[in-house]
Amino acid sequence: MKKAFAKMSIAALALLAAGCSTGKDGGYMDGMYGYYAANEPMGGLIGPIGEGKGDRFSEYADNPFVSTALQNTSTFSVDADGTSYAIVRRYVSEGRTVQPASVRIEELLNYFTFDYAQPTDEHSVAVNAELGACPWNREHLLLRLGLKGKELTPDEEPLANYVFLVDVSGSMDSSDKLELLKSGLMELLHQLRPQDRISLITYSGEVKKLLESTPVSETATIEAAISKLRASGSTYGEKALQMAYEEALTNYDPAKNNRVILGTDGDFNVGVTSTDALEEMVENYARQGIYMTCLGFGRGNLNDAMMERVSNVGNGTYYYIDSEDEMMKVFVHERQRFVSVANDVKCQLTFDSTLVSQYRLIGYENRILDKEDFEDDTKDAAEIGAGQTITALYELVPATDEALAGTGNTFATFDVRYKKTLGDKSLALSLPLETGIQQETSANFSLAAGVAAYGMLLRKSPYKGEATVGMAKALVEASLSFDPQGRRAQLLKLLGQLKLDE
């Protein structure tokens with residue numbers, strides 16, 4: 001999934017991969033501060049986070065309010081990742097300072113499963129919407145948009161052709177890194193079917209194919225290979241990513257879920273140091289039907305920016321795994337999300353300027369698309385996994401005090417385009433949004449508003465208005481009637497630990 005941000009220079013990415021430094025005017029990198037990009041119009045990679053660590057994030061300014069008289073259409077790619085929530089959770093729970101750049105509000109929202117209805121027709125995506133008062137600005141309204149990917153029965157789920165590319169460099173030698181990844185691989189193995197296939201490739205000072213593509217029916221062989229994983233050496237795997245993709249292609253079956261799954265602490269040095277070369281390689285394999293999933297582990301060396309970028313251009317997803325609980329969420333409870341039921345999913349809102357004077361998309365800063373991209377099937381966008389929910393919020397300024405209060409008028413149209421399989425012609429969904437402010441909003445609305453308030457506070461957003469931690473807590477508390485795996489209750493506890501200068 002491509003992002004709308006400026007490309008780093010080849011020299012900058014080479015420095016990123018090699019851990020070198022240069023003068024600040026040209027961008028620099030060191031062990032404490034991570035990489036600072038110079039002259040990036042939409043933001044570069046920044047640090048630090050925590051206490052003198054080198055985690056690296058891409059920085060973006062919050063989306064501004066847009067006048068509908070000047071531009072009444074808003075277009076963006078969905079973002080199915082929940083990575084930012086897991087990263088922020090770790091730092092808040094450890095009492096560390098949260099770097100605003102690590103907070104991507106769309107990923108806070110999409111970490112959670114919302115209580116959305118799934119499609120009941122021929123489509124593999126269903127859409128819904130809800131309009132209510134904006135909690136942090138009494139003069140504005142809040143529009144919640146929802147999408148849900150079709151849930152699959154065991155018979156509908158395609159067989160897996162997974163290639164695990166595992167970082168076994170010395171920096172992975174930790175209980176919250178390689179050992180946690182090994183535990184996850186074992187759990188996933190027990191969830192798969194006998195006909196599914198797994199390959200295992202490792203990289204550090206050299207690249208090794210530890211396990212040829214092997215059916216899960218040979219469980220003992222696969223378990224023995226996973227058990228052999230040991231961390232040592234430098235982080236340099238010449239042609240590691242290419243080898244993993246070629247392994248996936250060797251066993252490619254268009255009817256299967258063909259996917260490379262990279263597990264690393266984020267020091268992403270796999271023999272490709274040019275941004276253009278990396279993008280070209282990953283996109284080339286994506287066009288051949290190979291999906292990408294990045295799994296990030298640990299902190300202090302987390303190259304979040306690079307892993308997010310790689311997964312986005314590779315028809316992929318990105319997860320941050322900081323605990324056994326998160327590992328179970330990704331590998332067991334939500335394992336079906338590895339299957340994409342909707343590809344290249346784009347959303348477009350068209351507002352009636354006589355009813356809505358301004359709008360602001362909350363989050364999705366690096367997912368903004370041009371209006372023309374919406375119907376361009378060659379323009380890449382994000383995937384939605386089986387059973388996965390996606391949420392987006394718009395803060396609206398009514399044209400008049402009563403513009404959106406009455407019923408029966410269409411104030412906007414919510415359009416969605418997606419492909420059932422890669423390379424298909426896109427399908428269209430459309431939902432007219434009618435005026436009428438809901439005084440009693442749903443638990444879905446409350447959770448979305450509470451998460452957005454939380455994110456704006458963490459980002460120190462200039463648009464946070466009257467948002468407070470207390471407001472976020474009250475909103476999340478109002479959403480607890482639906483709480484799969486207790487994730488909303490976990491957020492409520494996290495809010496209790498949050499200390500901000502409000």
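The residues of the chain are indexed from 1 along the displayed sequence.
- A 6.0 Å sphere centred on NZ of Lys209 holds more than 12 heavy atoms belonging to other residues, nucleotides or ligands.
- The residues Arg104 and Glu308 are annotated as salt-bridged, a charged nitrogen and a carboxylate oxygen being separated by less than 4.0 angstrom.
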task: Walk me through it: do Leu180 and Ile321 pass the test side-chain contact (heavy atoms from CB on, under 4.5 Å)?
output: CA-CA 8 Å; Leu180 187 56; Ile321 301 178; 3.8 Å; yes
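- A salt bridge does not link Asp344 with Lys420: every distance from a Lys NZ or Arg NE/NH1/NH2 to an Asp or Glu carboxylate oxygen is 4.0 Å or more.
- A cation-pi arrangement is present between Lys329 and Tyr111 under the rule of less than 6.0 angstrom and at most 45 degrees off the ring axis.
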- prompt: Would Phe112 and Tyr85 satisfy ring-ring contact (aromatic ring centres under 6.0 Å, His included), going step by step from the backbone distance to the final call?
  reply: CA-CA 9 Å; Phe112 295 93; Tyr85 178 84; 5.0 Å; yes
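- A cation-pi arrangement is present between Arg488 and Phe114, with the terminal nitrogen or guanidinium carbon under 6.0 Å from the aromatic centre and inside a 45° cone about the axis.
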task: Evaluate the salt bridge (Lys or Arg N to Asp or Glu O under 4.0 Å) criterion for residues Asp62 and Arg459: first the C-alpha distance (whole Å), next the side-chain angles of each, then the deciding distance (0.1 Å), finally the verdict.
output: CA-CA 9 Å; Asp62 289 27; Arg459 282 185 60 82; 2.7 Å; yes
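- Using a cutoff of 4.0 Å between basic side-chain nitrogens and carboxylate oxygens, Arg367 and Glu106 are not scored as salt-bridged.
- Using a 4.0 Å cut-off between charged nitrogen and carboxylate oxygen, Asp304 and Arg56 do not count as a salt-bridge pair.
- Between Arg90 and Asp176 a salt bridge is recorded (basic side-chain N to carboxylate O distance below 4.0 Å).
- At distances below 3.5 Å, at least one donor-acceptor pair connects side-chain atoms of Ser323 with backbone N or O atoms of Glu326.
- Classification of Arg89 and Asp322 as a salt-bridged pair holds, one side-chain N sitting under 4.0 Å from a carboxylate O.
- A salt bridge is defined here as a Lys NZ or Arg NE, NH1 or NH2 lying under 4.0 Å from an Asp or Glu carboxylate O, and Lys208 with Glu206 meets this definition.
- Using a 4.0 Å cut-off between charged nitrogen and carboxylate oxygen, Arg335 and Glu157 count as a salt-bridge pair.
- For Arg417, there are no salt bridge (charged side-chain N to carboxylate O under 4.0 Å, His left out) partners at least two apart in sequence or on another chain.
- Among Val339, Asn257, Asn258, the single residue meeting the side-chain contact (heavy atoms from CB on, under 4.5 Å) criterion with Tyr291 is Asn257.
- Screening Ser124, Cys347, Ser426 for a side-chain contact (heavy atoms from CB on, under 4.5 Å) involving Tyr418 leaves a single residue, Ser124.
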- request: For side-chain hydrogen bond (donor to acceptor under 3.5 Å, both in side chains), just list the numbers for Thr378 and Asp376, CA-CA rounded to whole Å, side-chain angles, deciding distance to a tenth of an Å, and then say yes or no.
  value: CA-CA 5 Å; Thr378 66; Asp376 181 357; 2.6 Å; yes
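- A donor-acceptor pair under 3.5 Å is absent between the side-chain atoms of Gln336 and the main chain of Gly387, judged by distance alone.
- Every residue two or more places apart in sequence or in another chain that forms a side-chain hydrogen bond (donor to acceptor under 3.5 Å, both in side chains) with Arg337 is listed here: Thr113, Glu334.
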